[in-house]
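Data block below; observations after.
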Amino acid sequence: MFFPLLYILYIPADTFLGHCLIVSISASLLKNVTLFFFSDSYKHKDKYKEKEHKHKDHKKDKEREKSKHGNSDYRDSSDKKHKEKEKIKHKDGSTDKYKDKHKRKEEKSLDGKIKKEKENGFASPPYDIKSKKTKNKKGEVTDGKKKAKKEPEEKWKWWEEERYTDGVKWKFLEHKGPVFAPPYDPLPSNVKFYYDGKPMKLSPEAEEVATFFAKMLDHEYTTKDIFRKNFFKDWRKEMTSEEKAIITDLKKCNFSDMSEYFKAQSEARKAMTKEDKQVIKKKKKLQWSYEENERILQEYGFCIMDNHRERIANFRIEPPGLFRGRGDHPKMGMLKRRIRPQDIIINCSKDSKHPEPPPGTKWKEVRHDNKVTWLVSWTENIQGSIKYIMLNPSSRIKGEKDWQKYETARRLKKCVDRIRNQYREDWKSKEMRIRQRAVALYFIDKLALRAGNEKEEGETADTVGCCSVRVEHIKLYPESDGQEYVVEFDFLGKDSIRYYNKVPVEKRVFKNLQLFMENKEPDDDLFDRLNTSILNKHLQELMDGLTAKVFRTYNASITLQQQLKQLTNSEDNVPAKILSYNRANRAVAILCNHQRAPPKTFEKSMQNLQTKIDAKRDQLSDAKRELKSAKADAKMRKDEKSKKAVESKKKAVQRIEEQLMKLEVQATDREENKQIALGTSKLNYLDPRISVAWCKKFGIPIEKIYNKTQREKFAWAIDMADEDFEF
DNA sequence: AGGCACACTTAGTAAACGAACC
DNA sequence: GGTTCGTTTACTAAGTGTGCCT
């Protein structure tokens, strides 16, 4: 019911994930066999074969069991690689020899124990401060396409260098500060606001806030009571006393004139950019918005961190507007105020050129804290939380952390059996708190639930995770659909995405749950003796660096690896293999409950595709007929020419068959993906080295799996993983 | 233990882009 | 050349988890 689906099925990821995920791939991948997702009740009885995954200890892994960073995996090979390169070219004048020596040392070192002296600044390819250019500036940023070939050799391989320890994140940091939202541009006088049917000129402050509402008029947000109430309250704060006296009822406000104006404006802008594009093509001269945008990007979109020019993720300050919370958010509609220079804290190194605040203004503070990664921060007024400007995922600082995350998950792989045995023992504990902890951990492991921190009531939407699940969120069925001990989950998780699952559990778990629910009200916590901090403290004792979220990473990645192993058929052609990949990815997305709203044009686009398929079918039968007659013809005439004709017709048939299959695969893939989002798991949960290894093993170009941005983010993995990589 | 501040990762959606198509 | 449609990128909300203080 959650996912109406086609095809596919499910296999056990492992004994634990078994019920959740399973794909049984029919050999007849393309035969329109319709299978189903039972996402709401992963109930295909355990008809899957119990496959346990072998935890073969990899030689490679062994060595670093202890290393917290554990990132020396590929150290050997990359070292070798690196050395070779050194011989060939050493254009960047970096401290490679130095590096190599130290690297070896690091291999044995425990993270954080040995202070390494990375002389930042000597890494390859360094940023030339004087000329303000990086070698690859153009290639990276402006027109990547044409110079794509040049790029690779220019890219900085931070993963071949030392890491900082002791919490130091950088030694040198210089940037230009944030880009502020453009100032409010008042409406032309012909665009009117009406109150109670009468035109009314608003003060600029009140008018600006009114435009925020007008711009959202088409959105259903503006029909919601809470949204309207919050908006109106905050709007009135911006009004002059005269305005306040007049405007007392939101219902009497008419924003439609304003709304129309903005619609027209955005239309005009669209048309405009198109024209611009043409102009650009013709004159080879960039214009206005493009050029301006590019200029701002070049100036503000990068920083220099330790002698490398790195891309910033979000260098524009969030513009003012109305807060759009997700789900049933008590604060939706509140005014998100404009951020000014005096709200901004700048973080950079002492010896850098500090960013200048706009003329006539001052920063709130300039600090030099190299134990954090952010460049700019401010406090937002809705929740009072801090917002940051940080680096792009392709940056060294983000990449290292990402890599480290997967290494932690791989360490969990080595001790997950022990931990599972442990929590199963704990189900029997005399102590309630321990049993609760053990059951919660079981859910986190088996169902990939999030930890579930407590939230302040009334401040945010009512959503829960594992530790904060309430009695009302689960139902117990001693028997259901022929299975014993079934638990039904139904709650709103992160982003108010519904989690619905009906799953059989072990008897002990079931009995414990019954006990936990005894004498409780629906809105009581299921695990009243547990919270995330207790749980994480316990996990920390089980394994260094272990927290609840590591289980999600681990289970996601191990599932991908297993699914790929099972689904990939080396005989398949490239599109079919990619379908297999997407299915493996999909299994993970379902496990992690990554959903999306079905695209608005979904039905139509499916239809279009079907039309194409039909057309292709017709084309195929035509081609076959032609082939037949050509054959007959050749049989009669027996001359060279007619033989050739047969050959070419044969080829045509083949080609069309291939095209048809490709289309069918596409259709299947799309249908299965209707409301499942693959991106989140791909970007955040799946060790990219698994995908890279798979691509290498089956000769799939990496571009088919990762787009440009993703390749940038995962450059480290693409560079270091070979086809034998094992998670 | 509990509360809070802070830093950083993970998340879905909307806007922008660009390739395929007419 | 203009339009359509799928993909990519931008945006920013909503989580997790740590460390400090009481």
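Chain A is the first sequence line, chain B the second, and so forth, proteins listed ahead of strands; every chain is numbered from 1.
Each of A/Ile317 and A/Gly493 was assigned the nucleotide of DNA chain C with the nearest heavy atom; the assignment lying further toward the 5' end belongs to A/Ile317. Nearest-nucleotide mapping onto DNA chain C: of A/Ser533 and A/Asn608, the residue sitting toward the 5' end is A/Asn608.
For B/dT10, one of the phosphate oxygens OP1 or OP2 lies less than 4.0 angstrom from a side-chain nitrogen or oxygen of A/Lys405. Distances shorter than 4.0 Å separate some side-chain N or O of A/Lys398 from OP1 or OP2 on B/dT9. Residue A/Asn314 has no polar side-chain atom (N or O) positioned under 4.0 Å from OP1 or OP2 of C/dC11. Contact annotation: A/Tyr685 side-chain N/O to B/dA11 OP1/OP2 distance is under 4.0 Å. Between A/Lys537 and B/dA1 there is no side-chain N or O to OP1 or OP2 distance below 4.0 Å. For the pair A/Ser605 and C/dG6, the criterion of a side-chain N or O lying under 4.0 Å from OP1 or OP2 is met. Put simply, A/His329 has no side-chain N or O that comes within less than 4.0 Å of OP1 or OP2 on C/dA13. In terms of phosphate contacts, A/Arg311 brings a side-chain nitrogen or oxygen within less than 4.0 Å of OP1 or OP2 of C/dA10. Neither OP1 nor OP2 of B/dC6 sits under 4.0 Å from any side-chain N or O of A/Ser377. Taking side-chain N and O atoms only, A/Lys708 has no distance below 4.0 Å to OP1 or OP2 of C/dT8.
Contacts of A/Pro393 with the nucleic acid, taken as non-hydrogen atoms under 4.0 Å apart, are absent. Contact annotation for A/Thr373: backbone-only contact, meaning every heavy-atom pair under 4.0 Å involves sugar-phosphate atoms and none involves a base. Among the atoms of the strands shown, none is found under 4.0 Å from any heavy atom of A/Lys331. Contacts of A/Asn453 with the nucleic acid, taken as non-hydrogen atoms under 4.0 Å apart, include base atoms. As judged by a 4.0 angstrom heavy-atom cut-off over every strand, A/Arg326 is placed among the base-contacting residues.
Taking the side chain of A/Trp374 as heavy atoms from C-beta on, and the options B/dA7, C/dA13, C/dG15, the nearest nucleotide is B/dA7. Minimum atom distance to the side chain of A/Asn684 is reached by B/dA11, of the listed B/dC6, B/dA11, C/dT12. Comparing atom distances between the A/Lys494 side chain and each of B/dC21, B/dA7, B/dA11 picks out B/dA11 as nearest. Considering only the side chain of A/Lys549, B/dT10 comes nearest among B/dA11, B/dA14, B/dT10. Side-chain proximity of A/Thr680 to the nucleotides B/dC8, B/dG12, C/dG17 is greatest for B/dG12. Considering only side-chain atoms of A/Arg367, the nucleotide from B/dC8, B/dA7, B/dT13 that sits closest is B/dA7. Of the candidates C/dA14, C/dC5, C/dG15, the closest approach to any side-chain atom of A/Arg450 belongs to C/dG15. When distances are taken from the side chain of A/Thr601 to each of B/dT9, C/dG17, C/dG6, the shortest belongs to C/dG6.
Atom C1' of nucleotide B/dA16 and atom CD of A/Glu294 are separated by 15 Å, given to the nearest angstrom. When the P atom of C/dG17 is taken as reference, atom CG of A/Asn531 falls 12 Å away, rounded to whole Å. If you take CD of A/Glu456 and P of B/dC6, they are 15 Å apart, rounded to a whole angstrom. As a whole-Å value, the separation of A/Asp495 CG from B/dT9 C1' is 13 Å. For A/Gln659 and B/dA20, the CD to P distance is 14 Å, given to the nearest whole Å. Regarding A/Asn347, its CG atom lies at a distance of 10 Å from the P atom of B/dC8, rounded to whole Å.
Figure legend: cation-pi geometry between A/Lys224 and A/Phe227 absent, as NZ or CZ is not positioned both under 6.0 Å from the six-membered ring centre and within 45° of its axis.
By the neighbour-count criterion of 12 heavy atoms within 6.0 Å, atom CD of A/Glu658 is sparsely surrounded, having that number or fewer from other residues, nucleotides or ligands.
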Quiz prompt | From CA spacing to verdict: salt bridge (charged side-chain N to carboxylate O under 4.0 Å, His left out), A/Asp306, A/Arg396 | solution = CA-CA 10 Å; A/Asp306 294 348; A/Arg396 181 214 102 223; 3.6 Å; yes
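When each of A/Arg670, A/Lys616, A/Arg617, A/Lys612 is checked for a salt bridge (Lys or Arg N to Asp or Glu O under 4.0 Å) with A/Glu664, only A/Arg617 meets the rule.
The aromatic ring centroids of A/Tyr706 and A/Phe714 lie less than 6.0 Å from each other.
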